[in-house]
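Reviewing the structure listed below.
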Protein chains: 2
Amino acid sequence: MIAQYICNQIVANFMETRRDVFQAIADPTRRAIIMLLAVGAMTPNAIATHFDSSRQAVSKHLLVLTECEVLKPQQQGREIHYHLNAEKMKDIEKWLEEFKQLFAQRFSQLDTVLALLKAKKNESGSI
Amino acid sequence: MIAQYICNQIVANFMETRRDVFQAIADPTRRAIIMLLAVGAMTPNAIATHFDSSRQAVSKHLLVLTECEVLKPQQQGREIHYHLNAEKMKDIEKWLEEFKQLFAQRFSQLDTVLALLKAKKNESGSI
DNA sequence: ATACTGCGCAATCACATGGTTGCAAATTTT
DNA sequence: AAAATTTGCAACCATGTGATTGCGCAGTAT
């Protein structure tokens, strides 16, 4: 059993709001769009030609991606070029890194908890 | 403008099915659960105490995470210990790595396309 | 045997999501 | 000026999602 305060800390740290990068990459179509735009900026019509779904469906994905700040629209006359905001992708990397650290240190964290429990063995056992 | 065949290849490669790791980490509660279980296996009740939502709500998240093969339930008497399948997390890392490579090589890919276009300048322009 | 506990499952509900069609606004072309 | 193109936006629909409540079943404790 992990000590309560450590768990609460973990939960508090990693509970975030919606409309983030994680929602952006949740949909396979959106992941494909991200990959497409990683190569270069494109217009909605150009993007849509690569998918079975309609232009409007793709456009809605572009809206979501823009709300997640993964894409940045750039108007050029009547065309809109969607650019990738590669910086946002780092949020995923950051989370993944935090996870990997937590996972790698799981034994030492348990040791910490056990040591704390041992040190407080004479007090009330709930820490 | 990116050449058609490269784009189609990208789209085909990165269109995947649902119920994958990306859906697993789309929800902030599920991300927090993953972080919790990264430290050590826990029972549904123990997990639920760390969240405001009810036990059943957490249980549904556990079901989703299990379907995504991020968690593995392990029955012990009447208790079920949910273990993290850290291997599944690598799918995210893999995707992120592919993205980073694609992004880093975007200029050279454009060069490739332009070179191809130049070589075929006398044929039909669609490649 | 009889409670109690831990847990999954079904029903239900509000809301989000992905998709479609239709249309209007803005820009470009003719 | 008129036609065509690119695009976003609104309405609508089917389905998915997150959450709640109620319940039943399998272990455990008394």
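In what follows, chains are A, B, ... by sequence order, proteins preceding strands, each numbered from 1.
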To the nearest angstrom, the CZ-C1' distance between Phe22(A) and dA16(C) comes to 20 Å
Got a donor-acceptor pair under 3.5 Å from the side chain of Arg78(A) to the base of dT7(D)?
-> no
Hey, does the side-chain of Arg55(B) have a donor or acceptor N/O within less than 3.5 Å of a partner on the base of dG8(C)? yes
Rounded to whole Å, CD of Glu67(B) lies from C1' of dG16(D) at a distance of 12 Å
Rounded to whole Å, the CD-C1' distance (Glu79(B) to dC25(D)) equals 16 Å
**Message:** For dT17(C) and His61(A) - does any side-chain N or O of the residue sit under 4.0 Å from the phosphate oxygens OP1/OP2?
**Reply:** no
Item checked: Thr43(A) vs dT6(D): side-chain N/O to OP1/OP2 distance below 4.0 Å -> no
task = Respond yes when some side-chain nitrogen or oxygen of Ser59(B) is under 4.0 Å from OP1 or OP2 of dG8(C), and no when none is.
result = yes
Rounded to whole Å, CD of Gln76(A) lies from P of dA26(C) at a distance of 19 Å
Ala57(B) has its side chain closest, among dT20(D), dT17(C), dT20(C), to dT20(D)
- Glu69(B)/Arg19(B) ion pair, N-O < 4.0 Å: no
Is any side-chain N or O of Gln75(A) under 3.5 Å from a base N or O of dG8(D), one able to act as donor and the other as acceptor? no
**Item:** Salt-bridge present (Lys90(A), Glu93(A); N to O < 4.0 Å)
**Value:** no
Check your understanding: Does Asn45(B) place a side-chain N or O at less than 4.0 Å from the phosphate oxygens OP1/OP2 of dT5(C)?
Key -> no
Problem set entry | Check: Leu71(B) main-chain N/O paired with Asn85(B) side-chain donor or acceptor under 3.5 Å | no
Rounded to whole Å, the CZ-C1' distance (Phe51(A) to dG18(C)) equals 14 Å
Atom CG of Leu63(B) and atom C1' of dT17(D) are separated, to the nearest Å, by 12 Å
Taking the basic N atoms (NZ, or NE/NH1/NH2) and the acidic carboxylate oxygens, is any pair closer than 4.0 Å for Asp91(B) and Lys94(B)? no
Hey, is the main chain of Ile25(A) close enough, under 3.5 Å, to the side chain of Arg31(A) for a donor-acceptor pair? yes
By nearest-heavy-atom nucleotide on DNA chain D, the more 5' of Lys60(A) and His81(A) is His81(A)
Reckon Gln56(B) touches a base, only the sugar-phosphate, or nothing at all at heavy-atom distances under 4.0 Å?
base
Worksheet item: Looking only at N and O atoms, is any donor in the side chain of Arg30(A) or the base of dG18(C) less than 3.5 Å from an acceptor on the other one?
Response: no
Report yes if a side-chain nitrogen or oxygen of Ser54(B) is closer than 4.0 Å to either non-bridging phosphate oxygen (OP1 or OP2) of dT20(D); otherwise report no. yes
To the nearest angstrom, the CD1-P distance between Ile80(B) and dT5(C) comes to 18 Å
Separation of dG6(C) atom P from Tyr82(B) atom OH, nearest Å, is 15 Å
